[in-house]
*Asks:* 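Got a structure for you, written out below as structure tokens; questions coming shortly.
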Amino acid sequence: MSDFDDDDLFEPIEPAQSAPKVPLSQRAMGISAPRPAPYLDGLNPAQREAVEALDGPVLMLAGAGTGKTKALTTRIAHLLNTGQARPNEILSVTFTNKAAREMKNRVANLLGQTVEGMPWMGTFHSICVKLLRRHAELVGLKSNFTILDTDDQNRLLKQLIVAANIDEKRWPARLLSGVIDNWKNRAWTPAQVPTGDASAFNGQGVDLYHQYQERLKTLNACDFGDLLLHMVTIFQRHDDILKQYQTWFRYILVDEYQDTNVAQYLWLRLLAAGHKNICCVGDDDQSIYGWRGAEVGNILRFEADFPGAKVVKLEQNYRSTAHILGAAAGVIRGNEGRLGKELWTDAEGGDKVRLIGHWDGNEEARWVGEELEAMQRGTRGNAPLSLDDMAILVRASHQMRAFEDRFLTIGLPYRVIGGPRFYERLEIRDAMAYFRLAVSQDDDLAFERIVNTPRRGLGDKAVQTIQRLARQNGVSLVEGARIAVEQGEIKGKGGKGLADLVIGLDRWHKQMTEEADTHVELAEMILDDSGYTAHWMNDKTPEAPGRLENLKELVKALEGFENLQGFLEHVSLIMDNESENSEEKVTIMTLHAAKGLEYPAVFLPGWEDGLFPSQRSMDESGLKGLEEERRLAYVGITRAETICTISFAANRLVYGQWQSQLPSRFVDELPEEHVDVLTPPGLYGGGYGAASGMSGVGSKIEEQALRADAYNSPGWKRMQENTGGKLRAKSSPGEARGLVIDMAAVSSFTQGNRVFHQKFGYGTVMGIEGDKLDIEFDKAGAKKVISKFIILASEAGDVPF
DNA sequence: AGCCTCCTAATTTTT
DNA sequence: TTAGGAGGCT
């Protein structure tokens, strides 16, 4: 059993030092101690209204960049400072850990002290875990249940699908997990799935859902959706428990309310039903997660749910220029059923949103690269910007590639946000499975995962034997394995390997309970003794060193926790991996990932119908889908502080086919008075033609400026450095750009050459295609790089083979 | 167990 | 086009 004796979380804790000591009688009369509230001074009237309306339902409609977090955190500070609530009586929910962390920090700043005593500030999921551990038995779980990640979930579902004799090719597990997730998002238990939905997944969806939930119970596990669903179920069935929490959570605050799904909505509504002290903050115009169950309806319906609710609109924007706001407003105006907000700003001046069409996606990437460098130098009419201040926001991650390729070519540092999370990586999951088994030998999923990782000669047959023995004896797989070893059921190499594994598992478990070593040492030992570390050290693929690195990081992360259990409990919910790198970099990410962020300069490429708005979204969800796409456009534009650049291409490579594209309908929704149409520099004789419907007249001055800039750009300089200055003499500013490319052909390489690249380090030339080289880099793996950015390793001091 | 070939699908993603 | 998974073959 793990440590969840947090009953103290509900004990009245000593109010913060600065909190008032007002006798209850006076409090009941509405008298509170007059106390300074300097934090209120920095608020605008709307924010202040939202902050001071402490009691009763409040809907804070906070547009992008209107100081939402400030209002929310100040409200919490105010609740504490006025003595309306103790820190542990405030339930404040966010979606991400990042948001929760930021909120904690900011409240602490406002109050001038750390907020240790705010145990109920966190994500929906983390709060639900805490609650569910206290009441697990009510839904057939033990309080030390494990939380499955998507991978475990899919493996489990796959077993069920195979067992049900369903063709898993036509009906893959991932599809089923999507269906079940959707049901859980709607707070439907298997019994509650309406008949209309029951036909899902070849007519066997509900049945499999049933089986899945049963299986989870046996495994003493639940998935992410269950955390919410179980709590809603418990609240609905056990009035006494609900009452208890309704009393304890005297004030409820919700961030990003437009992103809540039905389960979260019900959860909140149940908890708020008594006192109705609920403050929801959100922006219907930024609802972009409908596809994963978010219901914009929740925010649109707030006033109906909570009659007499106070609605406060935060519309003064502190982030963007008037033109950017105007452009965003023009686009979002196309949506119906909005609560209606219009952002405004005090700020004067500012550039219009820049719009440009390109010949194709590569040209677009090339142009963006040059713009980034120009802005870095400050030759776009602005003070020089750091690369950290610039971001490229794309609709779909495959768009990133063109930019990455281009930036690698010109040596422009970039970072990609998104991609696989740290704890989703193969090696991290494997390591975690070992840790899970050390904690509990009942964890069958963990056992299945690592039984033959590293290879122990245990194939499908061996695993089936173990499973059979476990089932026959009604025990866990680890026990089944033990029996298999004792009875000598598995012969040869596999038998030996399994015996070692079982012995190891026992030893680790014993050592963990005896706490002879620290948990960090134990973890290291587990990874070494199991042969897992060796497994990657022997692996010669280019990824192996990185994986070992990650394992080290994992062990390091352990240091921050009391013990292995504590770590495992948290890691399933937390652990965003932001390995901070000090180097200046442009950020590339999806529009979804950009929500909540802001950058002085933002690029929004790929505004083409079908890509953005996404065809699929429109096909699947029709007008609803299109409106969500439009909100995405709105989110994108409002990320920009001073420079917002929208672009599209006339041709794009889609699944290896060149397709001609039409500009996004959102382009035409941009109000003309807020847009500056740029003409692409004619360097490639490109330029966007009649198809765009745009006037195509551009400024000659701009064009010339671009040309001249190209030779002062950091990329150009870097390139010269990379080529050891060889090209410097021949290429001077003002010469035709084509020459640069010709120059590249001058450098010659042969297969097998040891070479050096500024970003990728040392490598070996594997092949040559025109001016591009196939290089197997020692650290970075295989890449295609234009030869002019490569120098022979001997010149750089590396010892050739 | 490991390698090879064929097939299919291809947005967005937190917890 | 390409990546990843499944199934088959050695």
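Keep in mind it's a predicted model, so treat the numbers as computed, not measured. Chain identifiers are assigned alphabetically (A, B, ...) following the order of the sequence lines, protein sequences preceding nucleic acid strands; residue numbering begins at 1 within each chain.
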*Asks:* Without decimals, in angstroms, what is the distance between A/R395 CZ and B/dA10 P?
*Replies:*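 Between P of B/dA10 and CZ of A/R395: 14 Å.
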*Asks:* Who pairs with A/F407 by ring pair (Phe, Tyr, Trp, His ring centres under 6.0 Å), at least two apart in sequence or on another chain?
*Replies:*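 Per chain and number, A/F407 pairs via ring pair (Phe, Tyr, Trp, His ring centres under 6.0 Å) with no residue.
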*Asks:* Atom CH2 of A/W291 and atom P of B/dT15: how far apart are they, to the nearest Å?
*Replies:*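 Atom CH2 in A/W291 sits about 12 Å away from atom P in B/dT15.
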*Asks:* What's the CG-P distance between A/N261 and B/dT12, to the nearest Å?
*Replies:*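 Those two atoms, CG and P, are 21 Å apart.
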*Asks:* Nearest whole angstrom, please: distance from the C1' of B/dT8 to the CZ of A/R174.
*Replies:*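 Between C1' of B/dT8 and CZ of A/R174: 13 Å.
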*Asks:* Could you pull out all residues at least two apart from A/R616 that satisfy salt bridge (charged side-chain N to carboxylate O under 4.0 Å, His left out)?
*Replies:*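 In terms of salt bridge (charged side-chain N to carboxylate O under 4.0 Å, His left out), with neighbours along the sequence ignored, A/R616 is linked to A/E620.
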*Asks:* Answer with base, sugar-phosphate or nothing: what part of the nucleic acid does A/E256 contact at a heavy-atom distance below 4.0 Å?
*Replies:*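 The answer is nothing, as A/E256 stays clear of every strand by at least 4.0 Å.
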*Asks:* Both A/Y655 and A/E424 contact DNA chain B. Which one's nearest nucleotide lies toward the 5' end?
*Replies:*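 Looking at the nearest nucleotide for each, A/Y655 comes out on the 5' side.
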*Asks:* Does B/dT12 have OP1 or OP2 sitting under 4.0 Å from an N or O in the side chain of A/S397?
*Replies:*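 Looking at the OP1 and OP2 atoms of B/dT12, one of them is under 4.0 Å from a side-chain N or O of A/S397.
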*Asks:* Rounded to whole Å, please give me the gap between NE2 in A/H398 and P in B/dT12.
*Replies:*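 A/H398 atom NE2 is separated from B/dT12 atom P by 7 Å.
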*Asks:* Would you say a side-chain N or O of A/T150 is under 4.0 Å from OP1 or OP2 of B/dT15?
*Replies:*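 Checking B/dT15 against A/T150, no side-chain N or O comes under 4.0 Å of OP1 or OP2.
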*Asks:* Under 4.0 Å from any atom of DNA chain B, heavy atoms only: list the residues of residues 615-628 of chain A that qualify, in numerical order.
*Replies:*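 When residues 615-628 of chain A is checked for heavy atoms under 4.0 Å from DNA chain B, the hits, listed by number, are A/R616, A/S617, A/E620.
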*Asks:* Who passes salt bridge (charged side-chain N to carboxylate O under 4.0 Å, His left out) against A/E404, sequence neighbours left out?
*Replies:*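 For A/E404, no residue satisfies salt bridge (charged side-chain N to carboxylate O under 4.0 Å, His left out) once neighbours in sequence are set aside.
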*Asks:* Separation of A/L591 atom CG from B/dT12 atom P, in whole Å?
*Replies:*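 To the nearest whole Å, that distance equals 11 Å.
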*Asks:* Using a cut-off of 4.0 Å on non-hydrogen atoms, how would the nucleic acid contact of A/K461 be classed: base, sugar-phosphate, or nothing?
*Replies:*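 Counting heavy atoms under 4.0 Å across all strands, no contact is made by A/K461.
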*Asks:* Provide the distance between the two P atoms, one in B/dT11 and one in C/dG4, to the nearest whole Å.
*Replies:*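 The same atom, P, in both gives a distance of 13 Å.
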*Asks:* I'd like to check the ring pair (Phe, Tyr, Trp, His ring centres under 6.0 Å) partners of A/H535; sequence neighbours left out, ordered by chain and number.
*Replies:*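 So A/H535 forms a ring pair (Phe, Tyr, Trp, His ring centres under 6.0 Å) with A/Y532.
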*Asks:* The criterion is salt bridge (charged side-chain N to carboxylate O under 4.0 Å, His left out); which residues satisfy it with A/D500, sequence neighbours excluded?
*Replies:*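 Salt bridge (charged side-chain N to carboxylate O under 4.0 Å, His left out) check on A/D500 returns A/K496.
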*Asks:* What distance, rounded to whole Å, do you find between the two P atoms, one in C/dA3 and one in B/dT12?
*Replies:*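 Result for the P pair: 15 Å, nearest Å.
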*Asks:* Is the distance between the ring centroids of A/W291 and A/H592 under 6.0 Å?
*Replies:*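 Ring centroids of A/W291 and A/H592 are less than 6.0 Å from each other.
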*Asks:* So, A/F124 versus A/F95, ring centres under 6.0 angstrom or not?
*Replies:*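 For A/F124 and A/F95, the ring centres are under 6.0 Å apart.
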*Asks:* Please report the distance, rounded to the nearest Å, between NZ in A/K98 and P in B/dT15.
*Replies:*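 Computing the A/K98:NZ to B/dT15:P distance gives 10 Å.
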*Asks:* Between N or O atoms, less than 3.5 Å apart, protein on one side and nucleotides 1-7 of chain B on the other: list the pairs.
*Replies:*
| unit_1 | atom_1 | unit_2 | atom_2 | d |
| --- | --- | --- | --- | --- |
| B/dA1 | OP1 | A/N452 | ND2 | 2.8 |
| B/dG2 | OP2 | A/R455 | NE | 3.4 |
| B/dG2 | OP2 | A/R455 | NH1 | 2.7 |

*Asks:* A/H135: what forms a ring pair (Phe, Tyr, Trp, His ring centres under 6.0 Å) with it, not counting sequence neighbours?
*Replies:*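 Testing A/H135 for ring pair (Phe, Tyr, Trp, His ring centres under 6.0 Å), a comparison that skips the adjacent residues, returns A/Y245.
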*Asks:* Indicate every side-chain donor-acceptor pair of residues 156-173 of chain A with a distance under 3.5 Å to a residue at least two apart or in another chain.
*Replies:*
| unit_1 | atom_1 | unit_2 | atom_2 | d |
| --- | --- | --- | --- | --- |
| A/Q159 | NE2 | A/E448 | OE1 | 2.7 |
| A/Q159 | NE2 | A/E448 | OE2 | 3.4 |
| A/D167 | OD1 | A/K169 | N | 3.0 |

*Asks:* Could you give the start and end, 5' to 3', of the contact zone on DNA chain C for chain A, using atoms under 4.0 Å from its heavy atoms?
*Replies:*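 Listing 5' to 3', DNA chain C meets chain A from C/dT1 to C/dA6.
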*Asks:* Separation of A/R292 atom CZ from B/dT12 atom P, in whole Å?
*Replies:*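 Interatomic distance, CZ of A/R292 to P of B/dT12: 13 Å.
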*Asks:* Under 3.5 Å, is there a donor on one side chain and an acceptor on the other for A/D226 and A/Q213?
*Replies:*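 Checked: A/D226/A/Q213 side chains pair up, N/O donor to acceptor below 3.5 Å.
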*Asks:* A/D284: which residues meet the salt bridge (charged side-chain N to carboxylate O under 4.0 Å, His left out) condition with it, sequence neighbours left out?
*Replies:*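 For A/D284, no residue satisfies salt bridge (charged side-chain N to carboxylate O under 4.0 Å, His left out) once neighbours in sequence are set aside.
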*Asks:* Do we see A/F124 stacking on the base of B/dT15, given a limit of 5.5 Å between centres and 30° between planes?
*Replies:*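 Taking the rule of under 5.5 Å and under 30°, the ring of A/F124 does not stack on B/dT15.
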*Asks:* At under 4.0 Å between heavy atoms, what does A/T96 touch on the DNA or RNA strands: base, sugar-phosphate, or nothing?
*Replies:*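 Sugar-phosphate: the residue A/T96, judged by heavy atoms under 4.0 Å, touches backbone atoms but no base.
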*Asks:* For A/S440, enumerate each residue passing the side chain to side chain contact (heavy atoms under 4.5 Å, CB included) test, keeping only those at least two apart in sequence or located in another chain.
*Replies:*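 Applying side chain to side chain contact (heavy atoms under 4.5 Å, CB included) to A/S440 gives A/D442.
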